Visitor: 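Sharing a structure here in structure tokens format.
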Amino acid sequence: MSEVANPHDRFVKEVLGQPATARDFLVNYLPADVVDCFDLSTLEVVKDSFIDPKLAEHLSDLLYQVSLQDNRLGYLYLLFEHRSHVLGCPPLDLVRYGVQIWSRHLAVHYARTLPPIIPLIFYHGRNTWVHPLDFAGLFDLPAALVPYRPSWRYELIDLARWPDEDLKGEVLLRSFLLVTKHIFAEDLGERLPDILILLRDLARSKTGLQYVETLLRYVAAGAPQVEEEAFEAAIETALAAGGITMPTLAERWEQRGLERGMQQGLEQGLEQGQRRTMNALRRSIIDALEARFEAVPAAVLLELDKVEREETLHLLHKRAVVIASLEAFRDLVRRTLAD
């Protein structure tokens, strides 16, 4: 899956894509008897994603490959819902992605049997989870047909159902869960100092400071309800007041802001230049048509305005000087827009 701009996707993959944090998460949020079946020291993150690109805006996934205690392979599949509410049918989505994982496994390992896949759904929305907790729950069948009903259970990690004080794991994982749980909350700015205080000791190391930066970047991008003043006050209260100086982080953010401004200026300049070029091409097309057919109907002008690709306008300009009639040109523009 190509990298997407969604801050939730980036944050969950940067944090739970780290094997150590993933192991901490799985040990604390999978049933103990399931954890005992695996040797989590062998856990590896599989880079493939199985999300339909059309759904990538609101879904992330992570696939972990891990050995069972008897050295056979197994998988743990995490589906993360970005939105504050859920649409669609997650149990059916899991089955679709599971089939892809099994197919991939068979193709790579030439196996005759299927490995276990333990599916997990990570949900941080405020609405109550209303979906059945296994695939079988989607069926309503007479008793005689029940044996033909497939069943595949998944583990639901619904953060809204967990009080903050009951969230488990090491400091990095707990801070991840807390900020993810409250990312849509109006009072996140008030909660942020307490979350950052957890990271005081962690931030004294280079890798810890990098994680703090990742978390702050997530809040800055994913929680527009947090005012800039509250954001800065949380950093000052929780970190600077704890004896941690953060000039490096501040410099990085300042540089990033400068780079973003430069990039935005460059993009705006390119867009303006492209618009001028395309407007000039449209004017040339109209001039060519008027030279051959005199007046150009308003309907043709309106459809010409809908063409948004520069290469298409170049093609239309070439055709405008040889086309047999205005009606034929209008049909050409319509076909171009339909493609």
Side-chain angles (χ1 to χ4, degrees), residues 1 3-18 21-22 24-25 28-29 49 51-52 54-62 78-91 93-94 120-131 133 154-169 171-199 211-235 237-239 253 256 260:
M1 175 181 172
E3 186 180 25
V4 298
N6 191 298
H8 309 289
D9 175 273
R10 185 187 299 273
F11 188 51
V12 74
K13 288 185 174 177
E14 286 189 10
V15 178
L16 293 184
Q18 299 297 320
T21 311
D24 189 19
F25 176 72
N28 283 288
Y29 293 94
S49 175
I51 300 294
D52 185 325
K54 294 179 181 178
L55 302 178
E57 183 180 349
H58 65 87
L59 288 176
S60 290
D61 63 343
L62 278 168
L78 176 65
L79 190 65
F80 180 77
E81 173 67 54
H82 299 161
R83 290 177 304 202
S84 60
H85 61 283
V86 174
L87 299 176
C89 185
D93 292 337
L94 282 174
L120 305 93
I121 290 182
F122 188 108
Y123 177 58
H124 67 154
R126 288 168 289 190
N127 293 352
T128 301
W129 188 262
V130 297
H131 303 279
L133 296 180
Y154 62 91
E155 296 296 330
L156 175 66
I157 294 92
D158 183 355
L159 287 183
R161 308 282 82 81
W162 287 73
D164 288 1
E165 59 272 18
D166 290 345
L167 292 173
K168 297 177 288 185
V171 167
L172 193 153
L173 177 63
R174 280 190 286 126
S175 63
F176 164 78
L177 294 172
L178 283 167
V179 76
T180 306
K181 175 181 176 181
H182 297 293
I183 193 66
F184 301 118
E186 291 299 323
D187 65 348
L188 176 59
E190 300 170 17
R191 296 176 180 272
L192 196 54
D194 290 336
I195 296 173
L196 292 178
I197 284 172
L198 293 174
L199 301 173
Y211 170 69
V212 173
E213 182 181 355
T214 297
L215 184 145
L216 292 174
R217 195 168 62 232
Y218 173 52
V219 174
Q225 75 275 20
V226 178
E227 299 291 339
E228 184 176 350
E229 294 79 6
F231 193 87
E232 293 175 353
I235 296 175
T237 299
L239 298 175
W253 278 52
R256 244 189 226 108
R260 279 199 301 270

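Owing to the predicted nature of the structure, the values given are computational and were not obtained by experimental measurement. For the single chain, residues carry numbers from 1 onward in sequence order.
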Visitor: Do you know which two heavy atoms are closest between I121 and P90, and how far apart they sit?
Guide: CD1-CB, 3.7 Å
Visitor: Please find the pair of heavy atoms, one from A230 and one from V226, that lie closest to each other, and give the distance.
Guide: CB-CG1, 4.4 Å
Visitor: Taking the six-membered ring for Trp, are the ring centroids of F184 and H8 within less than 6.0 Å of each other?
Guide: yes
Visitor: Can you tell if the side chain of V12 reaches within under 4.5 Å of the side chain of T180, non-hydrogen atoms only?
Guide: no
Visitor: Hey, what do you get for OG (S175) to CD1 (I197), rounding to the nearest 0.5 Å?
Guide: 13.0 Å
Visitor: If I compare all heavy atoms of A223 with all of L188, which pair ends up nearest, and what's the gap?
Guide: CB-CD2, 3.6 Å
Visitor: Which atoms form the tightest heavy-atom contact between T214 and E14, and what is the distance?
Guide: CG2-OE1, 2.8 Å
Visitor: If you look at every heavy atom in Y211 and F176, which pair is closest and at what distance?
Guide: OH-N, 3.3 Å
Visitor: How long is the span from the CG atom in L172 to the CG atom in L199, to the nearest 0.5 Å?
Guide: 7.0 Å
Visitor: Give, for atom CD1 of I157 and atom CG of L177, the distance between the pair rounded to the nearest 0.5 Å.
Guide: 9.5 Å
Visitor: So, using ring-ring contact (aromatic ring centres under 6.0 Å, His included) as the criterion, who are the partners of Y29 when residues are at least two apart?
Guide: F25, W162
Visitor: Taking atom NE2 of H182 and atom CG of L192, what is their separation to the nearest 0.5 Å?
Guide: 11.0 Å
Visitor: F80 vs L62, test: side chain to side chain contact (heavy atoms under 4.5 Å, CB included). Steps then yes/no.
Guide: CA-CA 8 Å; F80 180 77; L62 278 168; over 6 Å; no
Visitor: Does any part of the side chain of L196, heavy atoms only, come nearer than 4.5 Å to the side chain of L216, both counted from C-beta?
Guide: yes
Visitor: Do D194 and D164 make a side-chain contact, defined as non-hydrogen atoms from C-beta onward lying under 4.5 Å apart?
Guide: no
Visitor: Check step by step if side chain to side chain contact (heavy atoms under 4.5 Å, CB included) holds for K181 and R191.
Guide: CA-CA 11 Å; K181 175 181 176 181; R191 296 176 180 272; over 6 Å; no
Visitor: Would you call the rings of F11 and Y218 parallel, tilted or perpendicular if under 30° counts as parallel and over 60° as perpendicular?
Guide: parallel
Visitor: For L198 versus V171, what's the shortest heavy-atom pair and its separation?
Guide: O-CG1, 3.0 Å
Visitor: Within the distance-only criterion (no hydrogens, no angle test), does the side chain of Q225 pair as donor or acceptor with the backbone N or O of D187 below 3.5 angstrom?
Guide: no
Visitor: So, using ring-ring contact (aromatic ring centres under 6.0 Å, His included) as the criterion, who are the partners of Y154 when residues are at least two apart?
Guide: none
